[in-house]
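Before any comments, here is the structure.
What you see is a predicted model; the values in this text were computed from it and never measured. A note on names: the letters A, B, ... follow the listed sequences, proteins ahead of strands, and every chain is numbered from 1. Atoms considered below: every heavy atom in the structure, side chains included; atoms not considered: hydrogens, waters and symmetry mates.
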There are 2 protein chains.
Amino acid sequence: MARTVDHNKPASIKDVAVLAQVSVPTVSRYLNSPERVSREKRDRIAKAVKLLRYRPNPIARALVKERTKTIAVLSTNTTLFGQSQTIFGIEERAQKAGYTLNIGVLSPEAGEQSRQRIQSILDQNPAGIVLLDYDQVSDDAFAYVNKDLPIILIAGNRKSDVTQISMQERDGGYAVTSYLLGLGHKTVYHVSIPGGAGGYSRLAGWRSACEDAGVPAPAPIKADWDPESGKRIGSALGRKPEVTAIFAGNDEIGMGIIRGLNDVGRRVPEDVSVAGFDDHPIAKIWNPSLTTIHQDFFKAGEKAFDLLKTEIDDVDQGRGRTDDWNRLVELPGHLIERESTGVPRS
Amino acid sequence: MARTVDHNKPASIKDVAVLAQVSVPTVSRYLNSPERVSREKRDRIAKAVKLLRYRPNPIARALVKERTKTIAVLSTNTTLFGQSQTIFGIEERAQKAGYTLNIGVLSPEAGEQSRQRIQSILDQNPAGIVLLDYDQVSDDAFAYVNKDLPIILIAGNRKSDVTQISMQERDGGYAVTSYLLGLGHKTVYHVSIPGGAGGYSRLAGWRSACEDAGVPAPAPIKADWDPESGKRIGSALGRKPEVTAIFAGNDEIGMGIIRGLNDVGRRVPEDVSVAGFDDHPIAKIWNPSLTTIHQDFFKAGEKAFDLLKTEIDDVDQGRGRTDDWNRLVELPGHLIERESTGVPRS
DNA sequence: CTGAAAGCGCTTACAG
DNA sequence: CTGAAAGCGCTTACAG
């Protein structure tokens with residue numbers, strides 16, 4: 001008689017062994033390396049597995065293997081464009097490989113708090129870690145992660161002895177600034193996103209492009225993540241007639257800036273050129289559509305999982321940490337010219 | 001001599017027992033209900049725990065308790081505004097309560113695929129589930145979740161025997177449509193988001209408001225998640241002079257529509273009023289700023305965790321499933337009037 | 001190829 | 001209040 005199996009206790013490896021008339025270790029072997037089990041028993045076990053709807057308990061397996069099939073993803077504010085896209089990319093690949101994501105949000109609070117958060121996630125024995133090193137908070141967090149575990153960093157300043165995906169943000173900042181300068185602007189103002197002002201940042205690229213072009217780099221202005229802050233800054237900059245080109249640390253800030261400029265009667269791009277960064281889905285429908293550096297965060301996430309997987313395989317196959325664990329993979333962005341930038345009015 | 005503890009095998013409950021000169025079960029009692037351990041041994045154990053930097057292995061605990069301290073979060077495209085905000089809210093509360101998030105992304109693929117994905121996540125014995133029931137795919141997924149586990153649904157059509165948070169989207173759709181009609185528009189066009197056209201949807205509210213006002217409801221137009229689709233639709237609608245008011249299924253689509261209208265020479269709100277839904281951070285800096293229904297997704301996430309936690313406590317304290325497990329909690333949005341809507345030109 | 005035994009790190013009755 | 005024993009569901013040597 002058929003029973004509603006779902007509501008009962010799930011079958012264990014022992015149940016399968018009994019039904020298939022083999023020992024528990026044989027079932028275990030069948031599960032992990034079937035070729036080590038005789039054809040005949042293989043069939044019997046297969047039948048039992050099917051009949052009992054047996055699924056191995058990943059927790060029991062994790063207890064003995066000291067490793068789960070989950071990936072710890074450490075990130076600050078997961079609602080931001082770059083973060084959410086990256087996580088989505090990691091998940092996509094992880095899912096296909098049978099891994100699950102364990103998300104830990106890093107808050108800007110004290111270090112000790114952050115350390116404990118990370119610790120509690122690592123206590124769950126993830127197979128590996130992806131750290132979204134998109135700002136200062138996440139960069140600080142690197143100190144707390146277990147360096148023995150497979151780990152991939154995305155972005156951030158270059159660390160040693162760890163595999164890292166660089167999105168070449170510095171180059172992107174350099175490219176967009178040079179582009180603006182090439183259009184004939186006397187200089188480019190920069191409105192920066194919070195956090196990472198390290199040597200590999202968008203800001204660093206902007207500064208470097210100004211230097212290389214021999215133009216003065218005005219003091220950068222700090223925005224926060226809310227586009228509203230861009231709006232305020234845009235209005236303020238709009239009141240200075242000498243401002244003809246602005247490079248915003250990200251598209252949302254850039255859009256806010258344009259709105260702020262409009263509010264004080266400055267047109268974009270006729271009076272002021274504005275460029276953003278990231279290629280947010282709204283950038284291309286903004287009015288005027290926003291010139292920006294396209295960044296492929298989704299791909300960075302996919303790549304991060306793929307790289308992590310090779311390290312996990314190193315561990316699984318007993319190779320341990322290999323020389324490959326400190327690669328630097330580059331995923332450069334590229335300039336997309338749209339309506340928000342143009343030559344300055346002479 | 002101090003050793004670099006971090007790189008050694010972490011201390012187990014046995015190590016603590018030996019050092020504190022008590023039995024393993026006593027340490028276990030100390031960990032779970034210290035009041036059951038004598039003052040003296042409590043101190044000895046505390047010292048040993050500290051000295052060895054002991055942290056209980058959550059996996060071993062999960063094996064016997066058949067439950068981990070993780071919450072399974074099931075959602076479609078986690079990069080979308082509502083989804084990412086909600087997840088962020090869940091995480092915030094979960095973190096404080098010592099829970100960790102296990103994210104499972106639901107894809108629009110075949111049901112069997114989805115079932116397996118959910119199964120593999122449930123196999124990891126989460127303490128509970130939060131299902132973001134924001135569209136058809138997630139609504140279908142409900143069939144596959146284990147009904148014995150604590151679970152909270154956010155949004156979606158009302159199910160029976162499950163606690164659900166309603167964001168009252170139908171009411172929101174009704175409110176914004178009525179508002180537009182109240183401004184004097186002859187009717188309101190609706191551009192809908194993908195998925196959920198159920199009885200509790202934004203679309204249902206729009207239709208109902210039109211009916212109640214006795215105005216004809218033009219056939220709704222389907223957009224997809226990319227704001228670019230809104231732009232195309234906006235241009236198309238802009239070519240019809242009879243269109244004076246549009247209600248977009250979300251803000252991104254609304255922004256796309258405005259851009260599309262502008263492209264064919266229609267001004268907003270002078271020629272056409274456009275309203276969105278959600279109150280996306282960019283809505284308020286869009287030019288013109290977008291009238292919308294504010295939805296508090298973050299709060300919905302927080303609330304979801306809190307409700308889930310009470311169910312988890314029911315289970316932990318042996319009460320099992322109680323009558324409270326089928327509550328309906330309402331989290332209504334509200335209209336925010338901004339620049340993108342106005343009275344029609346007479 | 002296969003099974004009996006031991007063990008992963010905990011918790012839960014059960015005596016005392 | 002406390003410890004010896006058993007057990008959660010697996011995997012890993014070890015014999016044969």
* Lys/Arg N to Asp/Glu carboxylate O, A/D15 vs A/R53, below 4.0 Å -> no
Any luck finding a side-chain donor-acceptor pair between [X] and [Y] under 3.5 Å?
{"X": "A/D135", "Y": "A/T76", "value": "yes"}
{"X": "B/Q113", "Y": "B/S107", "value": "no"}
{"X": "A/Q124", "Y": "B/T100", "value": "yes"}
{"X": "B/R36", "Y": "B/S33", "value": "yes"}

* To do: Look at the side chain of B/S138 and the backbone N and O of B/L132, then say whether any donor-acceptor pair between them is shorter than 3.5 Å.
  => yes
* To do: Both distances under 3.5 Å, Watson-Crick or G-U wobble: report the partner of C/dA13, or none.
  => none
* To do: Provide the Watson-Crick or G-U wobble partner of D/dA4, both distances under 3.5 Å; none if there is no partner.
  => none
Base, sugar-phosphate, or nothing: which does [X] touch, judged by heavy atoms less than 4.0 Å apart?
{"X": "A/V24", "result": "base"}
{"X": "A/Y30", "result": "nothing"}
{"X": "B/P58", "result": "nothing"}

* Walk along DNA chain D from 5' to 3' and tell me the first and last nucleotide with an atom closer than 4.0 Å to a non-hydrogen atom of chain A. => D/dG9 to D/dA13
* Which residue, B/Q21 or B/L63, contacts DNA chain D at a nucleotide closer to its 5' end, judged by nearest heavy atom? -> B/Q21
* Structure fact -> Between B/V64 and A/V64, the residue closer to the 5' end of DNA chain D by nearest nucleotide is B/V64
* Taking the nucleotide of DNA chain C with the closest heavy atom to each, which residue, A/R36 or A/P25, is nearer the 5' end? -> A/R36
